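To start, the structure itself, in C-alpha cells.
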There are 2 protein chains.
Amino acid sequence: MNDHATPLTRRRLRTWLRILRLTRRAENHLREFLRRECDTTLPRFDVMAALHRAGKPMKMSELSERLLVSNGNATAVVDRLERDGLALRVASESDRRVKHVALSDAGRTRFEALARAHEAEVDKLFANLGHEELDMMRTLIRRMEGQSQ
Amino acid sequence: MNDHATPLTRRRLRTWLRILRLTRRAENHLREFLRRECDTTLPRFDVMAALHRAGKPMKMSELSERLLVSNGNATAVVDRLERDGLALRVASESDRRVKHVALSDAGRTRFEALARAHEAEVDKLFANLGHEELDMMRTLIRRMEGQSQ
DNA sequence: ACTTGAAGTTTCAAGCTTGAAATTATTTCC
DNA sequence: GGAAATAATTTCAAGCTTGAAACTTCAAGT
C-alpha cells in the first residue's frame, strides 16, 4: 500500500487543479442557468443569499467578509441590487459609520424563487453523489482547512 | 448507518457551498501570494501555465476552452501578456483565421520561476492532506463528474 | 466562381473584482 | 477636550470576465 510514485507536493498540486476545474465548471453552469432561466447573475445571487440567510440587516463589512470578497466589491453589487429595488441600505443609529443592508420585500420574494431553482440545479449537478460520498467530501474539506488558514 | 436526517438535496447544496468556500479561500490566498511575492496575477499565471504545459503554440480557442473562460477573456489576458513581452501571437500558415499563441523566451523563463513558487504555496495550503486523502479527494471529484455534464 | 453557412478571433459594453486612497465617524490617549 | 490612531464605507483606476455582435477566413454545395 501507500504508493508514493508521485511525490506528495505534486499530488497536492494535481488535486488543487482538479478542485479548481470542478468549481469553475459548476460555476459556469450555474451562471449560465441563472442568466438564462432567472435573468440574474451569480454575484447578485450570492449577495442575496447571504442577506436572506442572515435574516436581519448586515453590515457591509460582514457581507464582504462572509462572501470572501473585497469591500469595494460588496459596495458595487449592493449598489446594483439597491438600484433594482431588491436591497435596502439603512444607516446605523448607534454608529454612523455603519450601513446596514437587507433584502427589500421584493428582494426576499425574488430570492425565495431563485433559491428553489438554484437548489434544484445544484441537485442535478451533484446527482452522482450519495450521502456517504457527500459526507466524505465535507470531511476531507474540513480536514484540509484543519489548522492551515 | 446511513443517516438520512438531512435530505440528499440539502446535503448536495451544503457540500457545494463548502467546495465553493474552499476554492475561494485558496484562490484569494494564491492571488495575494502572486501579487505580493511575484508581482503577477492569477489569470496571467493560468494562461502562462496552460501555454507552458502545452509545450507548443496553442490556438486562442484551445486556450479559452482549456481554461474554461470565454474567448474574449483569453484575448484580453493574452493582449496584456504580449504587451509585457511574455507571450507571442503568430498567425497560422494553414488557416489564416487562426492565431497561435505561445510563451516567449522571457515568458518561459519567468513562468518556470513562478511555477516553483506557486507549487510550494499550494503545498503549504494542502499541507494537512496526505497521499490517501488526496487520492480520495480526486476519486470523489471524478465520480461527481461521472456522467453529469 | 458564388453563395451560404460555419469557424476562429476580436471588439465592445456592461458588469465584476481588486487594492489603494479618500471620506466620515469613533475611540483612545494624553 | 483635542490629537492621533482606528474603523466602516465608498470611490477610483486598472484589470478581469462575460455574452453578443462584428470581422475575417474557410468549406461545401451549386
Side-chain angles (χ1 to χ4, degrees), chain A residues 20 23-25 27-48 50 57-84 86-101, chain B residues 23-25 27-48 57-84 86-101:
Chain A
L20 196 52
T23 303
R24 280 231 223 290
R25 254 198 266 268
E27 276 193 306
N28 285 350
H29 182 95
L30 291 171
R31 175 185 301 114
E32 170 82 356
F33 171 76
L34 287 175
R35 186 180 63 81
R36 291 178 65 100
E37 309 292 328
C38 309
D39 190 37
T40 190
T41 69
L42 223 30
R44 277 166 156 88
F45 179 84
D46 286 348
V47 166
M48 293 179 83
M58 267 178 120
K59 293 169 36 172
M60 289 299 291
S61 48
E62 286 172 348
L63 184 59
S64 56
E65 189 174 358
R66 171 90 194 122
L67 298 178
L68 304 176
V69 301
S70 68
N71 288 342
N73 182 9
T75 295
V77 178
V78 169
D79 280 350
R80 283 182 286 266
L81 287 176
E82 200 175 21
R83 151 167 73 60
D84 296 348
L86 298 171
L88 295 168
R89 260 189 272 231
V90 183
S92 162
E93 307 245 333
S94 57
D95 184 339
R96 280 184 302 181
R97 289 170 304 183
V98 173
K99 300 275 177 64
H100 287 129
V101 55
Chain B
T23 303
R24 280 231 223 289
R25 254 199 266 268
E27 275 193 308
N28 284 350
H29 182 94
L30 290 171
R31 174 185 302 114
E32 170 82 356
F33 171 75
L34 287 176
R35 186 180 63 81
R36 290 178 65 100
E37 310 291 328
C38 307
D39 190 35
T40 190
T41 69
L42 224 27
R44 277 166 157 89
F45 180 83
D46 286 347
V47 166
M48 293 179 84
M58 268 178 120
K59 293 168 35 172
M60 289 299 291
S61 48
E62 286 172 348
L63 184 59
S64 56
E65 190 174 357
R66 171 88 194 124
L67 297 179
L68 304 175
V69 300
S70 68
N71 288 343
N73 183 8
T75 296
V77 178
V78 169
D79 279 351
R80 283 182 285 265
L81 287 176
E82 201 174 21
R83 150 166 75 60
D84 296 348
L86 299 171
L88 295 168
R89 259 189 273 233
V90 184
S92 162
E93 308 242 334
S94 56
D95 184 339
R96 279 183 302 180
R97 289 171 302 184
V98 172
K99 300 276 178 63
H100 286 129
V101 55

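Keep in mind that this is a model prediction, so the values were computed, not measured. Just so you know, these numbers use all the heavy atoms, side chains as well, and skip hydrogens, waters and symmetry mates. Quick note on labels: first sequence line is chain A, next is B, and so on, each numbered from 1.
Asn28(B) and Arg31(B) share a side-chain donor-acceptor pair at under 3.5 Å.
The side chain of Lys59(B) has dT9(C) as its nearest neighbour among dT9(C), dT10(D), dT18(C). Across dT9(D), dT18(C), dT10(C), the shortest atom-to-atom separation from the side chain of Val98(A) is found for dT9(D).
Residue Ser61(B) is classed as a sugar-phosphate contact, given heavy-atom separations below 4.0 Å to backbone atoms only. Arg24(A) comes within 4.0 angstrom of nothing in the nucleic acid, heavy atoms only. At the heavy-atom level, Asp95(B) lies under 4.0 Å from the strands shown only through sugar-phosphate atoms. Note on Arg44(A): only backbone sugar-phosphate atoms sit closer than 4.0 angstrom, heavy atoms only; bases stay farther off. Here Glu32(B) lies in heavy-atom contact (under 4.0 Å) with sugar-phosphate atoms only.
By the neighbour-count criterion of 12 heavy atoms within 6.0 Å, atom CD of Glu65(A) is sparsely surrounded, having that number or fewer from other residues, nucleotides or ligands.
The distance between atom CG of Asn73(B) and atom P of dT10(C), rounded to the nearest whole Å, is 12 Å. Between the P atom of dT26(C) and the NZ atom of Lys99(A) lies a distance of 13 Å, rounded to the nearest Å. Rounded to whole Å, atom C1' of dT9(D) lies 9 Å from atom CZ of Arg89(A). Between Arg31(B) atom CZ and dG15(D) atom P there is a gap of 15 Å when expressed in whole angstrom units. Per the geometry, CZ belonging to Arg96(A) stands 16 Å off P belonging to dA8(D), to the nearest Å. The nearest whole Å value for the distance from the CD atom in Glu27(B) to the P atom in dT18(C) is 10 Å. Per the geometry, CG belonging to Asp79(B) stands 10 Å off C1' belonging to dT11(C), to the nearest Å. Atom CZ of Arg83(B) is separated from atom P of dA14(D) by 11 Å (rounded to the nearest Å).
With salt bridges taken as basic N to acidic carboxylate O contacts below 4.0 Å, one links Arg24(A) and Asp46(B). Note on Arg66(A) versus Glu62(A): no salt bridge recorded, every NZ/NE/NH1/NH2 to OD/OE distance being 4.0 Å or above.
The phosphate of dT9(D) (OP1 or OP2) has no side-chain N or O of Thr75(A) nearer than 4.0 angstrom.
When each of Leu68(A) and Ser94(A) is assigned the nucleotide of DNA chain C bearing its nearest heavy atom, the one mapping closer to the 5' terminus is Leu68(A). In this structure, Met58(A) and Arg97(B) both approach DNA chain D, and ranking their closest nucleotides by distance from the 5' end singles out Met58(A). When each of Asn28(A) and His100(A) is assigned the nucleotide of DNA chain D bearing its nearest heavy atom, the one mapping closer to the 5' terminus is His100(A).
For the pair Asp84(A) (side chain) and Leu86(A) (backbone), a donor-acceptor distance under 3.5 Å is absent.
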